[in-house]
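None of the values given here were measured: they were computed from a predicted structure. Counting begins at 1 with the first residue of the sequence.
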Amino acid sequence: LSDSDAESAQRDGLLREAVQLFGRPDSLEDWELYWLGEAARLLGDQKRLEEVRREQAARRRPDSKETGGVLPEEAPRLRRV
C-alpha cells in the first residue's frame, strides 16, 4: 500500500472496503485480527483500532476462549512419536 499523497485516496478507499468485509473482531482468526488492526491504523480509525486491541488483549488472558488441548476421549489413543 502506498503512502504517497497521489495514491492515498485510492489506498484509503480500498482499506475502507476491506475493513467492511471483516467480521466482528471476536469472530476473526489471529492473523485476520492483525490485518484489521493494520487497516484501522492506516485509516486513523481509532475506534476500530481500540476494538482490535481489546480483543487481542482478551486473547492473551489465561481465561480466554481458546484453550487448546486434546479432548479427554482422545487422550488414551495418543502415542508419543
Please list, chain by chain and in numerical order, all residues satisfying salt bridge (Lys or Arg N to Asp or Glu O under 4.0 Å) with Arg53, sequence neighbours excluded. none
Linking I/L/V/M/F/W/Y whenever any side-chain heavy atoms sit under 4.5 Å apart, do Val52 and Leu21 land together? no
Do Trp31 and Val19 land in one hydrophobic cluster if side-chain heavy atoms of ILVMFWY residues count as linked below 4.5 Å? yes
Sequence neighbours excluded, the answer for salt bridge (Lys or Arg N to Asp or Glu O under 4.0 Å) partners of Glu32 is none
What verdict does the side chain to side chain contact (heavy atoms under 4.5 Å, CB included) test give for Glu50 and Lys47, after you've listed the backbone C-alpha separation in whole Å, the side-chain angles of each residue and the deciding distance to 0.1 Å? CA-CA 5 Å; Glu50 184 55 34; Lys47 180 183 176 197; 6.0 Å; no
Minimal heavy-atom distance between Arg48 and Ala40, with the atoms involved, is CG-CB, 3.8 Å
Contacts of type side chain to side chain donor-acceptor pair (under 3.5 Å), residue Glu38, not counting sequence neighbours: Arg41
Leu14 side, atom CG; Leu42 side, atom CG - distance, nearest 0.5 Å: 12.0 Å
For Ala39 and Leu15, the nearest pair of non-hydrogen atoms, with its separation, is CB-CD2, 3.9 Å
Are Tyr34 and Phe22 connected in a single hydrophobic cluster, I mean Ile/Leu/Val/Met/Phe/Trp/Tyr linked by side-chain heavy atoms less than 4.5 Å apart? yes
Report the distance from atom CD of Glu51 to atom CG of Asp26, rounding to the nearest 0.5 Å. 10.0 Å
Carefully, step by step, assess Arg59 and Leu33 under the rule side chain to side chain contact (heavy atoms under 4.5 Å, CB included). CA-CA 11 Å; Arg59 292 180 186 196; Leu33 191 60; 3.9 Å; yes
